[in-house]
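Working notes for the structure below.
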Amino acid sequence: MQGLPENQIVGSILDAIAEQRLPAGTKLGEQALSDLFGCNRANVRRALATLAAQHVVELRPNRGAYVMTPSPKEARDVFQARRAIERTIAREAAGRATADDIGFLRRNIADEARAKAFGDKPAELRASRDFHLRIAQIANNEVLDRFLSELTMRSTLILGLYSQHGSSSCAEDEHAQIVDALEQSDKEALVALTDRHLRHLEADLNFDARPRSPMTLEDRLSLSRDPARAE
């Protein structure tokens with residue numbers, strides 16, 4: 001199933017959104033995607049339908065598909081949902097983390113800091129998202145894990161569109177404090193720190209911000225398909 005053209009399209013678009021290479025409002029032309037991935041338009045339509053079901057693509061009648069542009073109300077709703085879900089995840093994760101989990105999270109913090117220092121925004125964003133998703137895995141609730149995966153993707157769109165600093169990466173010290181509480185199985189502190197962290201991210205939103213100038217769709221997606229990027 002992973003080799004199907006529609007799955008390749010979905011994966012590439014999700015990667016580009018997660019790394020803020022494909023910002024809100026970008027048009028996803030069927031023919032452009034068909035040419036880029038060497039497939040027919042039926043594959044493209046199935047991929048776009050899948051992405052629409054994940055609320056990261058909007059299908060506009062007679063106009064085509066676009067990366068979702070969340071309204072200020074939707075942005076607030078997403079962060080409210082994230083706080084509710086991640087507080088629950090924090091409660092469930094407390095007392096469950098293994099030494100391997102703590103080691104992964106501390107390496108993740110170091111990787112994010114390194115990427116930030118070198119100006120590698122895609123790597124920084126991937127590390128930031130992976131941090132939150134790893135804690136969801138520790139909580140061992142597949143439904144919450146799936147919900148959070150979608151919400152973190154939508155958060156990346158929101159922060160790329162409205163953040164005053166043009167980023168969706170997280171503060172290194174806040175992540176470190178969360179890991180400390182997780183390692184100590186301090187449920188109350190873990191929940192409080194998680195909530196505070198997400199409120200700090202939301203507080204950085206500026207709903208008067210204007211979208212940045214887009215690159216072409218081919219340029220944005222081809223970045224994730226360039227072998228040199230993995231070196």
Side-chain angles (χ1 to χ4, degrees), residues 1-71 74-75 78 111-112 115-116 118-130 132-133 145-163 165-169 209-231:
M1 291 293 290
Q2 290 298 320
L4 292 175
E6 49 262 45
N7 292 338
Q8 295 173 7
I9 295 168
V10 168
S12 291
I13 289 176
L14 288 177
D15 284 347
I17 289 173
E19 296 172 3
Q20 290 185 349
R21 291 183 286 104
L22 202 58
T26 303
K27 184 170 184 178
L28 303 173
E30 286 187 11
Q31 190 60 55
L33 288 169
S34 176
D35 293 343
L36 184 59
F37 288 90
C39 62
N40 60 51
R41 293 177 70 158
N43 297 122
V44 173
R45 284 191 286 272
R46 285 193 289 270
L48 294 174
T50 297
L51 292 162
Q54 296 181 37
H55 304 99
V56 293
V57 165
E58 179 184 7
L59 303 178
R60 302 178 187 174
N62 303 315
R63 295 184 60 192
Y66 295 78
V67 177
M68 187 72 76
T69 301
S71 68
E74 290 167 331
V78 164
D111 289 344
E112 184 178 355
K116 186 173 184 178
F118 282 96
D120 186 348
K121 179 57 66 176
E124 183 186 350
L125 292 166
R126 285 195 302 272
S128 176
R129 186 166 183 258
D130 287 348
H132 291 266
L133 294 180
D145 193 348
R146 188 166 60 251
F147 286 162
L148 184 61
S149 181
E150 177 184 311
L151 287 170
T152 54
M153 188 70 66
R154 295 174 72 179
S155 298
T156 300
L157 275 176
I158 291 164
L159 288 158
L161 184 63
Y162 295 118
S163 173
H165 297 98
S167 173
S168 72
S169 57
R210 306 301 302 173
R212 298 171 184 81
S213 299
M215 295 164 56
T216 67
L217 176 61
E218 182 176 4
D219 286 342
R220 290 188 180 279
L221 292 182
S222 65
L223 287 174
S224 65
R225 294 154 62 84
D226 183 356
R229 185 171 162 270
E231 295 178 357

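The side-chain contact (heavy atoms from CB on, under 4.5 Å) check on T50 picks up V10, Q54, with sequence neighbours excluded. Remark: D130 engages no residue in a side-chain hydrogen bond (donor to acceptor under 3.5 Å, both in side chains) (not counting sequence neighbours). E74 meets the salt bridge (charged side-chain N to carboxylate O under 4.0 Å, His left out) test with no other residue; sequence neighbours excluded. Residues passing the side-chain hydrogen bond (donor to acceptor under 3.5 Å, both in side chains) test with T152 are R129, sequence neighbours excluded. R45 meets the salt bridge (charged side-chain N to carboxylate O under 4.0 Å, His left out) test with E30; sequence neighbours excluded. For D145, there are no salt bridge (charged side-chain N to carboxylate O under 4.0 Å, His left out) partners two or more places apart in sequence or in a different chain. Applying the side-chain contact (heavy atoms from CB on, under 4.5 Å) rule to N43 yields the partners P5, E6, C39, N40, R46; only residues at least two apart in sequence or on another chain are considered. Every residue meeting the side-chain hydrogen bond (donor to acceptor under 3.5 Å, both in side chains) condition with D35, not counting sequence neighbours, appears here in chain and number order: Q31.
At least one side-chain heavy atom of L48 sits less than 4.5 Å from a side-chain heavy atom of L33. For the pair T26/P23, a side-chain contact is recorded, criterion being any heavy-atom separation below 4.5 Å from C-beta on.
The line from CG of L36 to CD of Q8 is 10.5 Å long, rounded to the nearest 0.5 Å. Going from atom CD of E112 over to atom CZ of R126 covers 11.5 Å, rounded to the nearest 0.5 Å. Atom CG of L22 and atom OG1 of T156 lie 12.0 Å apart (nearest 0.5 Å). Atom OG of S12 sits about 11.0 Å away from atom CD1 of I17, to the nearest 0.5 Å. Rounding to the nearest 0.5 angstrom, the gap separating the CE atom in M153 from the CG atom in L51 is 9.0 Å. Rounded to the nearest 0.5 Å, atoms CD (Q20) and OG (S163) are 8.0 Å apart.
Considering all non-hydrogen atoms of both residues, L157 and V56 come closest at CD1-O, 4.1 Å. The shortest non-hydrogen separation linking S34 to V44 is N-CG2, 3.6 Å. Summarising the geometry of L59 relative to A49, their closest heavy-atom pair is CD1-CA, 4.5 Å, with the distance given to 0.1 Å. Across all non-hydrogen atoms, the minimal contact from E124 to A115 is N-CB, 3.5 Å.
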Using residues 62-69 as the side-chain source, report each donor-acceptor pair under 3.5 Å to any protein atom, sequence neighbours left out, with the distance given to one decimal.
| unit_1 | atom_1 | unit_2 | atom_2 | d |
| --- | --- | --- | --- | --- |
| T69 | OG1 | G25 | N | 3.1 |

